[in-house]
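These notes concern the structure reproduced below.
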Amino acid sequence: MATTDRARPRTSRVRAWMLEGLSDMAGHQQGPHAVPEPAHKGQRWWRVMCLTGVDYFSTLGYQPGIAALAAGLLSPVATIVLVIVTLAGALPVYRRVAEESHRGEGSIAMLERLLSFWKGKLFVLTLLGFAATDFLITITLSAADASTHLVENPHLADPLHNQELLITLVLIALLGAVFLKGFLEAIGVAVALVGAYLALNAVVVVVGLWHVVTEGHVITDWSTALTAEHGNVFAMVGVALLVFPKLALGLSGFETGVAVMPHVAGDPGDTDEKPAGRIRGTKKLLTTAALIMSVFLICTSFITTLLIPEKEFESGGQANGRALAYLAHEYLGNAFGTVYDVSTIAILWFAGASAMAGLLNLMPRYLPRYGMAPHWARAVRPMVIVFTLIGFLVTWIFDADVDAQGGAYATGVLVLISSAAIAVTIAARKAGQRNWTIAFAVISAVFLYTTVANVIERPDGVKIGACFIAAIILVSLLSRLARAFELRVTGVELDSMAERFVRDIASRRIRFIANEPDNRDIAEYREKIEQIRADNDVPSQEDFVFVEVTVLDPSEFEAGLTVRGEVMHGRYRVLTLESSSIPNALAALVLHVRDTTGRIPHIYFEWTEGNPFANFLRFFLFGQGEVAPVTREVLREAEPDRSRRPRVHVG
């Protein structure tokens, strides 16, 4: 017995620790069964920029090499095209997204408003699948690239040879451990890593530019070879536009920039509906990060193309996937190069932090609200464990191969940016902003072209994204099915007439009749009462209150319930409700009446005609169907004490 007593508190402590994260992510919407906790005040915008920057800035670890392989001598020109698209395309789009969707849902929430019912939910689940592809592959690809940098360091090449998979798994586990410790600690780590990494990169860039300037023949040799290969400037620009989709990884970071928006501190006068300070801070975050990255991208592509032999960029070359590290070792010595490697490894490892933060902010905003995830999915720590385990699986499937995951990463990034561009185009059109509508439409066309070109070039990215989408939809529907009999109503509110009906009937036996409204004429109500009395042998002196539920959007899962009372034909009292599900609304009403009056209500149904399984599918998909038994099951789950459970009568 003593052992059992000790086990229970330990289990309770573990459960409390796991669910402690319900308020750890600022701005989370909590479910009806969650204990409200005060939200964090937020962080300065530049600190949050470092969190999203560990993903965005860390691409410097491999972007110059990707550009060199894709464009060759044209790498600086192709990178300038990338920077133009970044500053003139992605940045304005996401600044607008920050205005339109300031709770961190990003463009997904903007597009969700365009579609209702199940087609809207499936559309959102599809976009969440691409978001999961983007964020999870960010975690696994960055950790894999960090392990590659570690293994290829001259001092560690021999003892760590062929250990990339194990190292990557360890790095992902360490990332998960940081988030289990607490989200605020992750921001502190990000600030330190980004500061050190950008400073070291600035040193490498300055030294590289110095060598380019002092070795004058380098520029001459490059320009001569470039002219000989492509002829004129127009041909160069044309080729640069064609290879641009291969450089799309340099656009990563914008979606996580808005996903972590709830962590940006606002002004004292900010409200949940109009957080002007938070929006302004997020715009500063996005703009500053884009400008910093643009400068580094241009400078690094220039020095790596001019100073590194072309063969070193190829597979097996010393600059493959680590061009700046190659320059650090070559021009600043192995000591500085090793420090640079450590910094690169650290930021690539922690690049998954912004992706993890994006997942923790995005998924709990949709799936639990749709009933497509358990309530604990709103808490940080259980979800960290889930995402870490998925990261292990993805790493094992791809054997920690960076190149194999690149297609899926680029596809996820481009689909989300394209959806954001389309969303802001629609928002500008609805706002009557003609010039912005045209501008955003052009930007949308550019990103759609880039997405299609990337899919044609690397179709494996769509296949991997489709696997994530299929997994999310399957798990979501199974979760919705498992939670079908939950009491989904977050609160019940009665108007004055409805309260008067309840007070009056509470002095006797509380009897409700569940009625599916048809013509609502006097004959309908009279015949219904006669049928209920005949089927259930109720004395004629007993009176009833009708309850009628209108189903609005059956795809919704949780919502409040407003009850209105009205007198029909001068004699029949009717409570009218609007809900996503008839059985859940009726169960919530009778439980509320029981709790407010202290008396056990009775509710009367007639059996639904038709096949029971078909009727259950109607309930699952459309909120109606097998009403009587489902109402009873919802009540059974909500109230385990049979003596306190409202009575259900079916005839």
Side-chain angles (χ1 to χ4, degrees), residues 489 492 494-552 554 561-594 597 599-619 621-635 645-651:
V489 176
V492 180
L494 279 65
D495 70 1
S496 58
M497 183 67 74
E499 287 183 347
R500 188 185 308 170
F501 292 168
V502 172
R503 281 198 308 268
D504 175 61
I505 202 170
S507 61
R508 299 177 295 282
R509 177 164 290 183
I510 303 175
R511 298 183 188 271
F512 294 115
I513 294 178
N515 182 52
E516 183 178 356
D518 191 9
N519 296 325
R520 304 193 82 195
D521 55 15
I522 190 168
E524 177 181 341
Y525 293 107
R526 183 178 63 246
E527 292 171 4
K528 189 74 173 181
I529 287 179
E530 291 174 356
Q531 176 193 341
I532 293 298
R533 282 177 173 158
D535 289 345
N536 297 276
D537 197 22
V538 179
S540 59
Q541 65 269 23
E542 295 286 344
D543 62 348
F544 300 90
V545 172
F546 287 91
V547 183
E548 298 176 347
V549 183
T550 301
V551 176
L552 298 177
L561 189 66
T562 299
V563 184
R564 298 178 178 86
E566 58 182 313
V567 178
M568 298 295 294
H569 310 294
R571 59 184 299 182
Y572 299 111
R573 294 166 295 180
V574 182
L575 298 178
T576 59
L577 302 77
E578 292 181 343
S579 176
S580 61
S581 166
I582 294 175
N584 296 88
L586 294 175
L589 173 65
V590 294
L591 286 171
H592 176 79
V593 170
R594 180 204 65 182
T597 64
R599 299 175 64 86
I600 302 297
H602 294 246
I603 186 165
Y604 295 84
F605 298 87
E606 63 174 292
W607 286 112
T608 305
E609 293 296 323
N611 182 280
F613 181 73
N615 282 329
F616 174 75
L617 288 181
R618 286 180 61 211
F619 158 69
L621 294 174
F622 306 114
Q624 51 192 322
E626 201 69 71
V627 176
V630 174
T631 302
R632 191 263 177 190
E633 182 60 21
V634 173
L635 288 170
R645 192 181 301 156
R647 307 294 190 259
V648 175
H649 305 268
V650 190

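These numbers were taken from a predicted model, which means no experiment stands behind them.
Within the model, atoms CD1 of Ile529 and CZ of Arg571 stand 7.5 Å from one another, a figure rounded to the nearest 0.5 Å. Between the CE atom in Met568 and the CZ atom in Phe546 there is a gap of 10.5 Å [rounded to 0.5 Å]. To the nearest 0.5 Å, atom CG of residue Leu494 and atom CG of residue Leu589 are 6.5 Å apart. Atom CD1 of Ile532 sits about 10.0 Å away from atom CD1 of Ile603, to the nearest 0.5 Å. Going from atom CD of Glu566 over to atom CD of Glu548 covers 7.0 Å, rounded to the nearest 0.5 Å. Rounding to the nearest 0.5 Å gives a distance of 11.5 Å between CG of Asn536 and CZ of Phe605.
Counting only distance, with no hydrogens or angles, the side chain of Arg594 and the backbone of Ile600 share no donor-acceptor pair below 3.5 Å. Between the side chain of Asn515 and the backbone N or O of Tyr525 there is no donor-acceptor pair closer than 3.5 Å.
Proximity of Leu591 to Leu635: side-chain heavy atoms (C-beta onward) are separated by under 4.5 Å at one or more points. Taking the side chain as every heavy atom from C-beta outward, Thr562 and Glu578 never approach each other to under 4.5 Å. Residues Leu577 and Val547 have side chains in contact (heavy-atom distance under 4.5 Å, counting atoms from C-beta outward). Residues Val545 and Tyr572 form no side-chain contact, since every pair of their non-hydrogen atoms from C-beta on lies 4.5 Å or further apart.
Minimum heavy-atom separation, Val648 to Ala628: CG1-O, 4.3 Å. Nearest heavy-atom pair across Arg645 and Arg632 is NH1-NH2, 3.7 Å. Listed here is the closest heavy atom pair of Leu575 and Ala498: CD2-CB, 3.6 Å. Residues Ala588 and Leu561 approach most closely at CB-CD2, 4.3 Å, considering heavy atoms.
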Original post:
Going through the checks in order, is the side-chain contact (heavy atoms from CB on, under 4.5 Å) test met by Leu586 and Val549?
Top reply: CA-CA 8 Å; Leu586 294 175; Val549 183; 3.7 Å; yes
**OP:** Evaluate side-chain contact (heavy atoms from CB on, under 4.5 Å) for Arg500 paired with Asp504, printing each intermediate quantity in order.
**Re:** CA-CA 6 Å; Arg500 188 185 308 170; Asp504 175 61; 5.6 Å; no
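With Phe544 as reference, Arg511 is the one residue of Arg511, Arg573, His602, Lys528 to meet the side chain to side chain contact (heavy atoms under 4.5 Å, CB included) rule.
Under the salt bridge (Lys or Arg N to Asp or Glu O under 4.0 Å) criterion, no residue pair touches residues 583-593, with sequence neighbours excluded.
Between Tyr604 and Phe512, the ring centre distance reaches or exceeds 6.0 Å.
Not a single ring-ring contact (aromatic ring centres under 6.0 Å, His included) links Phe501 to another residue, sequence neighbours left out.
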